[in-house]
Participant: 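Dropping the structure in here first, questions after.
Each chain gets a letter, A, B and so on, in the order its sequence line appears, and its residues count up from 1.
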Protein chains: 2
Amino acid sequence: MARAGVTVERLTLAAAELADELGFENVTVSTVARRFGVRDASLYSHIKSARDLRVRVALLAMAELADRVADALAGRAGKDALVAFANAYRDYALRHPGRYAAAQLDLDDETVAGSAAGRHSAMTRALLRGYQLPEPAQTDAIRLLHSTFHGYVTLEAGGRFRLTPREVDASWAATVAALDALLRNWPSA
Amino acid sequence: MARAGVTVERLTLAAAELADELGFENVTVSTVARRFGVRDASLYSHIKSARDLRVRVALLAMAELADRVADALAGRAGKDALVAFANAYRDYALRHPGRYAAAQLDLDDETVAGSAAGRHSAMTRALLRGYQLPEPAQTDAIRLLHSTFHGYVTLEAGGRFRLTPREVDASWAATVAALDALLRNWPSA
DNA sequence: TCAGTTGCCTAGGGGTATTAGGCTACTCCC
DNA sequence: GGGAGTAGCCTAATACCCCTAGGCAACTGA
């Protein structure tokens, strides 16, 4: 019998692809095993559990997203940087819905610490340097930006904006422009 | 044998409670049946499927949330109303994490149409009346507010803000204040 | 009272998660 | 080249969840 050549990396990648195709909630040990043409039980020499597999997909997604954002941010500043950041974020989420959903998995503190989450907020902090916000406003602004981006793409992907006819792309552009205006005039008290 | 007195309403309520206690993903036909002391198969004369049950919890949560927001909004206007809206929203999400997660369930358009989602955006529209935004800025603002609120509570509940020491309550207040400032100075172009 | 309806049960088929234990295909070292 | 050892994959078996079919008993109303 030829071996299937399963490795943790290939498993994680396959799981990520499955997530984008079928939704993250349908990423199961069985479906991944099936894609490799092996039995489910065979995967347990590579992964610890179904959750382990899902966490790996989450970490992969977070790293990929951080990479895209870093690329988009390179050489830009001010509103230019904000727009690039926002669009890279949204693009990733819409193009890889399953991966993005994975990135929202509830991870324990230790795992979060070892993830790309730190890079993400460091980049946001760098982005905000152009707006000259003092602490703690800076932290608040990071949280606001992250919340708005995350909330927007989640609601958009969930079809929650389909009730109103207004184009979601146009709303997105207006939203990012509004955030830029807000950052330039952050209320002091 | 005495009957357990199962009804769709009691099932939905029990499922909602289980969601808040164990997380929405652990709301299962079996756990709910167990709580009633009956066999899982017995529930299928009341609900159509596990998904049906979850959708009912989602609709319940959306209606409850709309109620809380409506109460908070009564008799208020301007920033006062915005703050009340925001706090009611966040309170509900944090106090009822399972229900709130349920409300995020991906529903088909027909179900969404029959839900409290319409009430929700109508209230937001009413809230914005105090800020006098013309269309399409008003729609964009609704989407921005919803995105930010939803994103914030989701990330907060998911522990994504624990990396930074800044108090989440303080950040929340600052965020809402910032949104108020933004609505009062919405960028025209 | 008794016919009909409704509520709950048992049986059973199908799927996923996971452990235990076995066989086999590579690897590398003498 | 020939074992010895490791790693990859398999079958078997348990447990839990989803759901259908069919049965009996408990209510309901004429």
Participant: Is there a side-chain polar atom (N or O) of A:Ser49 under 4.0 Å from OP1 or OP2 of C:dA17?
Facilitator: no
Participant: To the nearest Å, give me how far apart CZ (A:Arg10) and C1' (D:dG8) are.
Facilitator: 13 Å
Participant: Output the rounded distance in Å from CD1 (A:Ile47) to C1' (D:dC9).
Facilitator: 14 Å
Participant: Can you tell me the distance, in whole Å, between the CG atom of B:Leu43 and the C1' atom of C:dT6?
Facilitator: 15 Å
Participant: Determine the contact category for A:Thr31: base if any of its heavy atoms lies under 4.0 Å from a base atom, sugar-phosphate if only primed atoms, P, OP1 or OP2 are that close, otherwise nothing.
Facilitator: nothing
Participant: Can you tell me if B:Arg39 has over 12 outside heavy atoms packed within less than 6.0 Å of its CZ?
Facilitator: no
Participant: Give the ring-plane orientation class for B:Tyr89 versus B:Phe149, where under 30° counts as parallel, over 60° as perpendicular and anything between as tilted.
Facilitator: tilted
Participant: When you get a sec, tell me which of C:dC8, D:dC9, C:dA17 is the closest nucleotide to the side chain of A:Ser45?
Facilitator: D:dC9
Participant: Among residues at least two apart in sequence or on other chains, which ones pass side-chain hydrogen bond (donor to acceptor under 3.5 Å, both in side chains) with A:Arg95?
Facilitator: none
Participant: Taking only distance into account, with no hydrogens and no angle test, what donor-acceptor pairs under 3.5 Å do side-chain atoms of residues 170-182 of chain A form with protein atoms, sequence neighbours excluded?
Facilitator:
| from | atom 1 | to | atom 2 | distance (Å) |
| --- | --- | --- | --- | --- |
| A:Ser171 | OG | B:Asp140 | OD1 | 2.3 |
| A:Ser171 | OG | B:Arg143 | NH1 | 3.0 |
| A:Trp172 | NE1 | A:Asn87 | OD1 | 2.9 |
| A:Thr175 | OG1 | A:Ser171 | O | 2.8 |
| A:Asp180 | OD1 | A:Tyr131 | OH | 2.5 |
| A:Asp180 | OD2 | A:Arg184 | NE | 3.1 |
| A:Asp180 | OD2 | A:Arg184 | NH2 | 2.6 |

Participant: For A:Arg34, which contact category applies under a 4.0 Å heavy-atom criterion: base, sugar-phosphate, or nothing?
Facilitator: sugar-phosphate
Participant: Within a 6.0 Å radius of atom CD on B:Glu25, are there more than 12 heavy atoms belonging to other residues, nucleotides or ligands?
Facilitator: yes
Participant: Using a cut-off of less than 4.0 Å, is there contact between a side-chain N or O of A:Arg54 and OP1 or OP2 of C:dA17?
Facilitator: yes
Participant: Taking NZ from A:Lys48 and P from C:dA17, how many angstroms apart are they, rounded to a whole number?
Facilitator: 15 Å
Participant: What about the rings of B:Phe24 and B:Tyr100, do their centers lie closer together than 6.0 Å?
Facilitator: no
Participant: If I take atom CG in residue A:Leu53 and atom P in nucleotide C:dT16, what distance separates them, rounded to the nearest angstrom?
Facilitator: 14 Å
Participant: Would you say CD of A:Glu21 has more than 12 non-hydrogen atoms from neighbouring residues, nucleotides or ligands within 6.0 angstrom?
Facilitator: yes
Participant: For B:Arg129, look at atom CZ and say whether over 12 heavy atoms of other residues, nucleotides or ligands are found less than 6.0 Å away.
Facilitator: no
Participant: Would you kindly give the CD-to-P distance between B:Glu25 and C:dT16, to the nearest whole Å?
Facilitator: 19 Å
Participant: Quick one: which residue pairs count as a side-chain hydrogen bond (donor to acceptor under 3.5 Å, both in side chains) with a foot in residues 42-52 of chain B, not counting sequence neighbours?
Facilitator: B:Asp52-B:Arg56
Participant: If you count the non-hydrogen atoms of other residues, nucleotides and ligands that lie under 6.0 Å from CD in B:Glu110, is the total more than 12?
Facilitator: no
Participant: Side chain of A:Tyr44 only, please: which of D:dC17, C:dT19, D:dC9 is the nearest?
Facilitator: C:dT19
Participant: Before we go on, tell me: are the rings of B:His120 and B:Phe85 under 6.0 Å apart, centre to centre?
Facilitator: yes
Participant: Counting only side-chain N and O atoms of B:Thr28, is one of them less than 4.0 Å from OP1 or OP2 of D:dC16?
Facilitator: no
Participant: Rounding to 10°, can you tell me the angle the first-five-pair axis of the helix from C:dT1-D:dA30 to C:dC30-D:dG1 makes with its last-five-pair axis?
Facilitator: 0°
Participant: Taking NE2 from B:His46 and C1' from C:dC8, how many angstroms apart are they, rounded to a whole number?
Facilitator: 8 Å
Participant: Report, one pair per line, the protein and nucleotides 10-14 of chain D atoms (nitrogen or oxygen only) whose separation is under 3.5 Å.
Facilitator:
| from | atom 1 | to | atom 2 | distance (Å) |
| --- | --- | --- | --- | --- |
| D:dC10 | OP2 | A:Arg39 | N | 2.9 |
| D:dC10 | OP2 | A:Ser42 | OG | 2.5 |

Participant: Short of 4.0 Å, heavy atom to strand atom, which residues of residues 13-22 of chain A count as contacting DNA chain D?
Facilitator: none
Participant: So, are B:Arg68 and B:Asp91 salt-bridged, with charged N and O less than 4.0 Å apart?
Facilitator: no
